[in-house]
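Chain naming here is simple, since letters A, B, ... match the order of the sequence lines and numbering starts at 1 in each.
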Amino acid sequence: MKKILNELTWRGLIQNCTPGIFSIENNKITLYTGLDPTSDSLHIGNLIPISILIHFKNAGHNPLIIIGGATALIGDPSDKNTERQLLDNNIIEYNINSIKSQLYNFLDIYPNGRIKLLNNYDWIKNISFLNFVRNIGKYITINYMIAKDYVKKRLNNCNGMSFTEFTYQLIQGYDFFYLYKTKNCLLQIGGSDQWGNIITGIELIKKKLSGIAYGLTVPLITKNDGSKLGKTQKGTNIWLNPKRTSPYKFYQFWLNISDNEAEKFIKYYTFLSKFEIEQLIIKHRQSPNKRLLQKKIASEITKWIHGNKAYEKAVNTSEILFSKNIDELKKINKDLSIFNGVPHLEINKEFLEKGITIVDVLVTLSNFLSSKNAVYRLIHSKAILVNKTIIYENLCLTTHDLIDERFILIQISKKKFFVIKVI
RNA sequence: GGGGAGAUACUCAAGUGGUUAACGAGAGCAGACUGUAAAUCUGUUGGUUUAUACCUUCGCAGGUUCGAAUCCUGCUCUCCCCA
């Protein structure tokens, strides 16, 4: 059995763990992490605990992923300052199915692979309230429960905390208890906000079964400015679902991380060996302008999540969009699918013959920018390019501006692109 | 129940009758420099017009005034102290 905890430590993936955890890595163990179906897609923050599962799997252990079909009905209060809105059953079910099919795409899910997928609704749905209160609630004191940081915070907060959310930690604790009892699952992995919930499970196992279980949390991945990773500048998540975050955008996100971040993320998000990573970091420091690390991370993760084809397309699109001159644009041979994932507007050719202004394209017709003033401001600061040429006024575009008779490329600042396609 | 303080743009926070679309800071956006990096510097951040004009905005609703974020009245909400 390959030792794994040193590996995880080296990668910086361990934020906190319960004492004695190093004793378990010698034998094959079962471990799990939970995913909340609060949305119909995972985002890149979810990949960290998942990648730990994969490290364990590669070392020969037995990983489980628990989808929180039951716990999502309650809503995890960890890390939240206010009561959550309850989610609708149908939405949760839809989310569960979406997340499941997503996981099948990029993980070796049982029966073909080694990672088993379970839904905690399956074992929680049949528990009666009385049974739960007598058999589980009796083992955990209120004193223990209100000592949790997030509970304290909420108790001091005038909005308070509902009984429903207060019980959440017991339900998640019960999951761990159940998995320990039925599958001999010894370890739970979670984000740093999950510490309290994990500990409750361990406590329950200790009190009720005199068993010893372990927990491990991953660091909260932050960007240099302290913001949570997975959010872009505008605060939107980087999703794994290509409909929410196109492979092109996904690829660009990784390509744009800073040097500092890149040295960390290559350890978090790729499965390259320690040797390979150290070599890459050395090379990168020698000539950082080549951005070897960013490119490597972007390629590894994009291929992993979206597949080789989508990755190649994203690279191709990037090369064309970021090329300095107009000739590159002419090379695409009318294959506009290269622009999938780039914001665009489709218009009739007749419409374009009459002429259409930049402001209309970006605001009136597409809402790509929020106001006309914003466009004028950008034009004045020379931030808008049409087909790679800076414009100085609110230009009126016509069919003469079309490339290959098919499209016009508008570039806003260095990294934002907008395509007008004629149909 | 009694007393006190407050509510200003994305956030914090000045301004207490007249160049006030509102100081400043953070944040965002853009430009320069670079490597589609970081740091730095510069500009910018209500809307319409791409021009210099108008409209809307300082908790909500009224009022006083030539003129209000600023004064008055009522209301709503938040915080603090004493019961």
Side-chain angles (χ1 to χ4, degrees), chain A residues 81-82 153 156-160 222-229 231-236 238 245-266 269 280-299 301-302 311 313-325 328-329 338-339 341-343 355-365 367-386 388-396 409-419:
Chain A
N81 293 322
T82 50
K153 233 191 261 170
N156 291 327
N157 181 318
C158 52
N159 295 323
T222 52
K223 305 199 29 153
N224 276 349
D225 59 6
S227 65
K228 243 182 174 177
L229 174 82
K231 310 270 181 183
T232 58
Q233 302 86 328
K234 283 179 188 161
T236 44
I238 301 293
T245 303
S246 68
Y248 162 74
K249 252 181 151 176
F250 188 84
Y251 170 79
Q252 282 288 328
F253 172 81
W254 297 106
L255 200 66
N256 273 300
I257 56 179
S258 69
D259 291 357
N260 265 337
E261 292 161 347
E263 290 193 13
K264 284 192 284 178
F265 292 178
I266 190 130
Y269 281 101
L280 266 169
I281 290 179
I282 290 170
K283 271 194 199 164
H284 179 259
R285 284 183 181 170
Q286 282 165 355
S287 48
N289 57 327
K290 287 184 183 156
R291 296 190 302 147
L292 283 176
L293 279 178
Q294 283 90 338
K295 283 179 186 165
K296 188 68 182 172
I297 296 169
S299 102
I301 308 181
T302 311
Y311 162 73
K313 204 155 190 173
V315 174
N316 204 347
T317 306
S318 301
E319 278 170 3
I320 287 170
L321 290 178
F322 285 91
S323 67
K324 291 275 182 281
N325 57 57
E328 285 295 317
L329 292 177
I338 199 90
F339 294 133
V342 180
I356 173 173
T357 65
I358 300 279
V359 169
D360 280 337
V361 171
L362 295 177
V363 182
T364 322
L365 297 172
N367 279 326
F368 185 69
L369 292 173
S370 56
S371 76
K372 297 181 180 179
N373 277 336
V375 181
Y376 287 118
R377 271 197 296 273
L378 287 168
I379 292 176
H380 285 295
S381 50
K382 296 175 195 163
I384 299 191
L385 289 77
V386 170
K388 296 286 168 191
T389 310
I390 296 177
I391 60 164
Y392 297 91
E393 56 184 344
N394 182 17
L395 218 63
C396 191
L409 179 71
I410 302 178
Q411 180 170 352
I412 301 103
S413 82
K414 283 182 191 160
K415 299 178 193 175
K416 275 178 262 164
F417 298 91
F418 189 91
V419 181

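Identified under the salt bridge (Lys or Arg N to Asp or Glu O under 4.0 Å) test for residues 287-298 of chain A, with sequence neighbours left out: A:Lys296-A:Glu300.
Heavy atoms of A:Gln252 sit under 4.0 angstrom from at least one base atom. Using a 4.0 Å heavy-atom distance criterion, A:Ser287 is classed as making no nucleic acid contact.
Atom CG of A:Leu255 is separated from atom C1' of B:G35 by 10 Å (rounded to the nearest Å). Summarising the geometry, the separation between CD1 on A:Ile297 and C1' on B:U36 is reported as 15 Å, rounded to the nearest angstrom. Here B:A38 presents its C1' atom at 9 Å from CD of A:Glu261, a figure rounded to the nearest Å. Rounded to an integer number of Å, the gap from NE2 of A:His380 to P of B:U44 is 13 Å. At whole-Å resolution of the value, NZ in A:Lys416 and C1' in B:C29 are 7 Å apart. Going from atom NZ of A:Lys290 over to atom P of B:G35 covers 13 Å, rounded to whole Å. When the P atom of B:U36 is taken as reference, atom OH of A:Tyr248 falls 13 Å away, rounded to whole Å. Distance, A:Arg291 CZ to B:G35 P: 10 Å, rounded to whole Å.
The side chain to side chain contact (heavy atoms under 4.5 Å, CB included) test applied to A:Ser370 returns no partner, not counting sequence neighbours. With sequence neighbours excluded, no residue forms a side chain to side chain donor-acceptor pair (under 3.5 Å) with A:Lys372. Every residue meeting the side chain to side chain contact (heavy atoms under 4.5 Å, CB included) condition with A:Ser371, not counting sequence neighbours, appears here in chain and number order: A:Asn373, A:Ala374. Residues forming a side chain to side chain contact (heavy atoms under 4.5 Å, CB included) with A:Lys388 (at least two apart in sequence, or on another chain): A:Ser323, A:Leu329, A:Leu409, A:Gln411, A:Phe417. Residues that satisfy the ring pair (Phe, Tyr, Trp, His ring centres under 6.0 Å) test with A:Tyr248, not counting sequence neighbours, are absent from this structure. With sequence neighbours left out, A:Phe339 forms a ring pair (Phe, Tyr, Trp, His ring centres under 6.0 Å) with A:Phe407. Judged as a side chain to side chain contact (heavy atoms under 4.5 Å, CB included), and not counting sequence neighbours, A:Lys414 has no contacts. A:Ser318 pairs by the side chain to side chain donor-acceptor pair (under 3.5 Å) definition with A:Gln252, not counting sequence neighbours.
No donor-acceptor distance shorter than 3.5 angstrom exists from the side chain of A:Thr389 to the backbone of A:Leu385, with no hydrogens or angles considered. Listed for the A:Glu319 side chain is no donor-acceptor partner under 3.5 Å among the backbone atoms of A:Asn316.
By the rule that a glycosidic angle within 90° of 0 means syn, B:U76 does not qualify and counts as anti.
Checking the phosphate oxygens (OP1, OP2) of B:A37, a side-chain nitrogen or oxygen of A:Lys415 falls inside 4.0 Å. Applying the 4.0 Å criterion to OP1 and OP2 of B:A30, one finds that A:Ser413 has a side-chain N or O inside that range. Note on A:Lys295: every side-chain N or O is 4.0 Å or more away from OP1 and OP2 of B:G35.
Spacing between B:A69 and B:G15 at atom C1', rounded to whole Å, works out to 8 Å. B:G3 and B:C71 have their C1' atoms separated by 25 Å, with the value rounded to a whole Å. The separation of B:C81 from B:G67, taken at their P atoms, amounts to 44 Å, rounded to a whole angstrom. Rounded to the nearest Å, the gap between the C1' atom of B:A30 and that of B:A22 is 23 Å. Atom C1' of B:U65 sits at a distance of 22 Å from the matching atom of B:A21, rounded to the whole Å. The gap from the C1' atom of B:U70 to that of B:G17 amounts to 6 Å, rounded to the nearest Å. Atom name C1', nucleotides B:C10 and B:G46: the rounded distance is 13 Å, in whole Å. The separation of B:A27 from B:G35, taken at their C1' atoms, amounts to 25 Å, rounded to a whole angstrom.
A heavy-atom distance below 4.0 Å to RNA chain B is reached by these residues of residues 369-379 of chain A, ordered by number: A:Ser371, A:Lys372, A:Asn373, A:Tyr376, A:Arg377, A:Leu378.
For A:Ala314 against A:Pro247, the heavy-atom pair with the smallest separation is CB-O, 3.9 Å.
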Please list, for nucleotides 32-34 of chain B, all pairs of protein and nucleotide N/O atoms separated by less than 3.5 Å.
| unit_1 | atom_1 | unit_2 | atom_2 | d |
| --- | --- | --- | --- | --- |
| B:C33 | N4 | A:Lys414 | NZ | 3.2 |
| B:U34 | O4 | A:Lys414 | NZ | 2.4 |

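Each of A:Leu385 and A:Asn256 has a nearest nucleotide on RNA chain B; the 5'-most of these lies closest to A:Leu385.
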Dot-bracket notation for RNA chain B is requested: 5' to 3', Watson-Crick or G-U wobble pairs only, both distances under 3.5 Å, with ( ), [ ], | and . as defined. ((((((((.[[[..)..(.....]]]((((((.......))))))(((....)))...[[[[[..)....]]]]]))))))).
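Inter-residue side-chain proximity for A:Ile410 and A:Val361 is flagged as met; some heavy-atom pair is nearer than 4.5 Å.
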